[in-house]
Amino acid sequence: MKPLTSLLFFTLCCLPLLTLAAEPVGQELVTKLCGQTKNPEFCVSSFGNVQNDIEQANVTGVVLFGLKVASKNASDISMLIKSMLNDPGLSPQLQQVLEDCSDYYVDAVDLLDDSVAALLANAYRDVRTWVSAAVIDVTGCQEALKKQKGSIENDLTQKTDTFLQLCDNGLVFLNQLEPQ
């Protein structure tokens, strides 16, 4: 066999087998970074089955994925709030709280989407600023919800807690790129 043909054969046939034998870098990195968060088990579970498929097997890729998960979560909560607002049986107080929360979540989604763009431009301070602003917005919603009584508010408070944990995880990951 000619040397070039041998090299091509090795590359096409054997190299993929060697990469399968190695421990996935994405999973190791996610586990390591999540170990620095307040709730490592939640953090790891937030990546679901994609730990091995992180867009990039580096900290930036993990931060990027985490921000996208938080943004999707905020968008889902925003849609839930909009559907709750269609309930004609809402008290005026609860309706006002939900309208405020809707505004907060729309802002949070925008801020997280801006954070993704800033991360891709290596503007880590902007990422930190915008994720922190999203946390502040949603914390306003959470505080207003806690003053209400009922199952709707409790469910939304739990979803808000999840969102806040996702953002906190992103900020912890960001510390690996740029310490405060």
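Everything quoted here is computed from the prediction, not taken from an experiment.
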Cluster partners of Ile136, using ILVMFWY side-chain heavy atoms under 4.5 angstrom, listed by chain and number? none
Residues forming a side chain to side chain contact (heavy atoms under 4.5 Å, CB included) with Ser83, sequence neighbours excluded: Leu80
Excluding sequence neighbours, so at least two apart, what forms side-chain hydrogen bond (donor to acceptor under 3.5 Å, both in side chains) with Gln96? Asp100
Those residues at least two apart in sequence (or on a different chain) that pass side chain to side chain contact (heavy atoms under 4.5 Å, CB included) with Lys146 are Gln142, Thr157
Pairs meeting criterion ring pair (Phe, Tyr, Trp, His ring centres under 6.0 Å) with involvement of residues 67-91, two or more places apart: none
Apply salt bridge (Lys or Arg N to Asp or Glu O under 4.0 Å) to Asp76 and list each qualifying residue two or more places apart in sequence or on a separate chain. Lys72
Kindly write out the residues that satisfy side-chain hydrogen bond (donor to acceptor under 3.5 Å, both in side chains) with Asp87, not counting sequence neighbours, or none if the list is empty. none
Would you please name every residue forming a side chain to side chain contact (heavy atoms under 4.5 Å, CB included) with Ala123, sequence neighbours left out? Ala118, Asp126
So which atom in Phe65 and which in Ser46 form the shortest heavy-atom distance, rounded to 0.1 Å? CE2-O, 4.3 Å
Residue pair Gln95, Glu99: steps toward the side chain to side chain contact (heavy atoms under 4.5 Å, CB included) verdict: CA-CA 6 Å; Gln95 183 168 357; Glu99 287 173 0; 3.3 Å; yes
Can you list every disulfide bond (SG atoms under 2.5 Å apart) pair that touches residues 64-111, not counting sequence neighbours? Cys101-Cys141
Can you list the residues that meet the side chain to side chain contact (heavy atoms under 4.5 Å, CB included) rule with Val116, with sequence neighbours excluded? Leu64, Leu67, Lys68, Leu120
Determine whether Phe42 and Leu166 make a side-chain contact, defined as any pair of heavy atoms from C-beta on separated by less than 4.5 Å. yes
Return all side-chain donor-acceptor pairs below 3.5 angstrom for residues 103-113, not counting sequence neighbours, or 'none' if the list is empty.
{"residue": "Tyr105", "atom": "OH", "partner": "Thr160", "partner atom": "OG1", "Å": "2.8"}
{"residue": "Asp113", "atom": "OD1", "partner": "Ser71", "partner atom": "OG", "Å": "2.8"}

For Gln148, what residues pass the side-chain hydrogen bond (donor to acceptor under 3.5 Å, both in side chains) criterion, not counting sequence neighbours? none
